[in-house]
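Just below is one structure, and these are the notes that go with it.
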Amino acid sequence: MKIDCKPNEVARRIIQAFPREYNERDPFRVLVNTILSQRTRDENTDEASRRLFSKYKGPASIANARAEDLYELVRPAGMYRQKAERIVSVARELLKRYQGKVPSEIHKLLELPGVGRKTANIVLNVSFGIPALAVDTHVHRISNRLGWVKTKMPEDTERELTNLLEEELWGPINGSMVEFGRKLCKPRKPLCDNCPVKQCCDSYLASKNSY
DNA sequence: AAAACGGGGGC
DNA sequence: GCCCCAGTTTT
């Protein structure tokens, strides 16, 4: 039987094969966890998050902390000083401007320190259920491999995927692409043999035909 | 447009 | 030992 290779169908297959469930929806914790995850592997992110929230319970607690103390706490999990400073800064800014509550408007999120397009969109999606594409390295790499986009700029990928994928897929595709990217569609030496969508992948088909 | 942040894991 | 990682900020 033939596989439907329309992007929406391929995306649905990936989401089904690599589900990502979020056990944390609290906006502030999602925001902090997402900042912790920037350029950092999931295992380190999880450990840093446990360490952080075992000592500091919320925005006010972190806002009153010394950045240096927070840094020493999360450093064993591969976090750097700049990131600890960012988390203290964003907590203070939230307290000052929004009574410690994370806003749900994209433009307000983007004004916060340490929050860029990926982080803002993940918070919108995970915490507020607002459809938002978070184009990280996994989404960017895999979209290019599949042949959905042909660009080096993540902003271009975000714009093209917005047109390519149904709105209901914008949220779930990010988390599932991350799982997919970690388990199979790795940056180097992807495990194509076990891939559920290899028959729809430009990169796989090209490598297969090159023998 | 490119550098800097940064410890830990894969190879 | 070298390179990369759920990016963002600064130069």
Side-chain angles (χ1 to χ4, degrees), chain A residues 11 14-15 18-53 67-94 102 106-128 130-145 151-159 161 169-191:
Chain A
I14 293 172
I15 291 166
F18 299 91
R20 168 100 184 206
E21 47 186 86
Y22 297 95
N23 48 22
E24 183 58 79
R25 300 267 178 184
D26 175 75
F28 180 70
R29 294 200 173 201
V30 169
L31 175 58
V32 172
N33 286 343
T34 306
I35 291 175
L36 288 174
S37 78
Q38 292 166 0
R39 298 298 288 181
T40 304
R41 295 170 192 281
D42 275 5
E43 313 85 80
N44 288 359
T45 301
D46 294 343
E47 187 191 341
S49 179
R50 282 195 299 275
R51 286 172 163 271
L52 186 64
F53 288 117
E68 190 62 22
D69 292 339
L70 202 145
Y71 170 56
E72 292 302 329
L73 188 63
V74 297
R75 179 158 66 154
M79 298 299 156
Y80 41 99
R81 187 184 311 270
Q82 183 189 73
K83 206 184 274 187
E85 290 169 351
R86 250 181 225 172
I87 289 170
V88 173
S89 299
V90 79
R92 290 179 181 161
E93 195 71 9
L94 285 172
V102 178
I106 181 76
H107 70 275
K108 290 183 181 173
L109 286 169
L110 290 175
E111 287 173 359
L112 296 169
V115 179
R117 292 208 62 80
K118 286 92 176 178
T119 302
N121 282 337
I122 287 170
V123 171
L124 286 179
N125 163 35
V126 175
S127 290
F128 298 111
I130 298 171
L133 269 167
V135 177
D136 52 45
T137 54
H138 290 293
V139 175
H140 186 57
R141 177 183 71 256
I142 296 170
S143 296
N144 273 287
R145 280 185 180 164
T151 169
K152 289 186 172 175
M153 307 296 292
E155 310 82 64
D156 295 335
T157 297
E158 182 181 334
R159 192 178 54 252
L161 288 188
L169 300 175
W170 293 355
I173 196 62
N174 175 247
S176 291
M177 285 279 202
V178 173
E179 295 296 314
F180 181 36
R182 271 171 34 92
K183 294 199 174 79
L184 288 187
C185 199
K186 302 188 288 187
R188 283 171 302 181
K189 296 203 286 185
L191 309 177

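Just so we're on the same page: letters track the sequence lines, and every chain starts at 1.
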Strictly under 3.5 Å: I want the nitrogen or oxygen pairs between protein and nucleotides 9-11 of chain B, one per line.
none

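Annotation: dA2(B) and dA6(C) have their P atoms spaced 22 Å apart (nearest Å).
For the pair I122(A) CD1 and dA6(C) P, the interatomic distance rounds to 11 Å; values are reported in whole Å. Nucleotide dG7(C) holds its P atom 15 Å from the CD1 atom of I87(A), rounded to whole Å. Counting to the nearest Å, the C1' atom of dA6(C) and the CD atom of E47(A) are 17 Å from each other. Across the protein-nucleic acid pair, I173(A) atom CD1 and dA6(C) atom P stand 16 Å apart, rounded to whole Å. Atoms CG (L73(A)) and P (dG7(B)) sit 16 Å apart, rounded to a whole Å. For Q82(A) and dA3(B), the CD to P distance is 16 Å, given to the nearest whole Å. Rounded to whole Å, atom C1' of dA6(C) lies 14 Å from atom CD of E158(A). What separates CZ of R117(A) from P of dT8(C) is a distance of 10 Å, to the nearest Å.
Ranked by how close their nearest DNA chain C nucleotide is to the 5' end, K118(A) and P187(A) are led by P187(A). Between R182(A) and L110(A), the residue whose closest nucleotide on DNA chain C is further toward the 5' end is R182(A). Heavy-atom distances to DNA chain B give each of M153(A) and A77(A) a nearest nucleotide, and the one nearer the 5′ end belongs to M153(A).
Rounded to the nearest 0.5 Å, atoms CD (E155(A)) and NE2 (H140(A)) are 8.5 Å apart. In this structure, M79(A) CE and T45(A) OG1 are separated by 4.5 Å, a value rounded to the nearest 0.5 Å. Annotation: the span from I106(A) atom CD1 to R117(A) atom CZ amounts to 5.0 Å, rounded to 0.5 Å. To the nearest 0.5 Å, atom CG of residue L36(A) and atom CZ of residue R86(A) are 11.0 Å apart.
Remark: the backbone N or O of N23(A) is not paired with any side-chain donor or acceptor of E21(A) at under 3.5 angstrom.
Using a 4.0 Å heavy-atom cutoff across all strands shown, N33(A) reaches no nucleic acid atom at all. The residue T137(A) sits close only to the backbone: its heavy atoms come under 4.0 Å of sugar-phosphate atoms, none of a base. Residue-level contact check: P113(A) touches the backbone only, with heavy atoms under 4.0 Å from sugar-phosphate atoms and none from bases. V139(A) comes within 4.0 angstrom of nothing in the nucleic acid, heavy atoms only. Nucleic acid contact for R86(A): base, since at least one base atom lies under 4.0 Å from a heavy atom of the residue.
For S37(A) and dG7(C), the shortest distance from a side-chain N or O to OP1 or OP2 is not below 4.0 Å. Distances shorter than 4.0 Å separate none of the side-chain N or O atoms of T40(A) from OP1 or OP2 on dC5(C).
At least one side-chain heavy atom of L161(A) sits under 4.5 Å from a side-chain heavy atom of V139(A). Here the side chains of L109(A) and N121(A) are not in contact, with every heavy-atom distance at 4.5 Å or above. Considering only heavy atoms from C-beta on, T40(A) comes within 4.5 Å of K83(A) through its side chain. Using a 4.5 Å heavy-atom threshold, the side chains of S49(A) and L52(A) count as separate. The side-chain heavy atoms of P113(A) and R92(A), taken from C-beta on, include no pair separated by under 4.5 Å.
Taking a cutoff of 4.0 Å between a charged side-chain nitrogen and a carboxylate oxygen, R50(A) and E47(A) do not qualify as a salt bridge. Salt bridge status for E179(A) with K183(A): present, with a side-chain N to carboxylate O gap under 4.0 Å.
Comparing atom distances between the R75(A) side chain and each of dG7(B), dC5(B), dT8(C) picks out dG7(B) as nearest.
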Fill in the dot-bracket string of DNA chain B, one character per base: . for unpaired, | for a pair to another strand, ( ) or [ ] for pairs within the strand, taking Watson-Crick or G-U pairs under 3.5 Å.
-> |||||.|||||

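Non-hydrogen atoms lying under 4.0 Å from DNA chain C are contributed by R20(A), Y22(A), all within residues 18-32 of chain A.
Between F28(A) and F53(A), the two ring planes are perpendicular [angle over 60°; tilted spans 30° to 60°].
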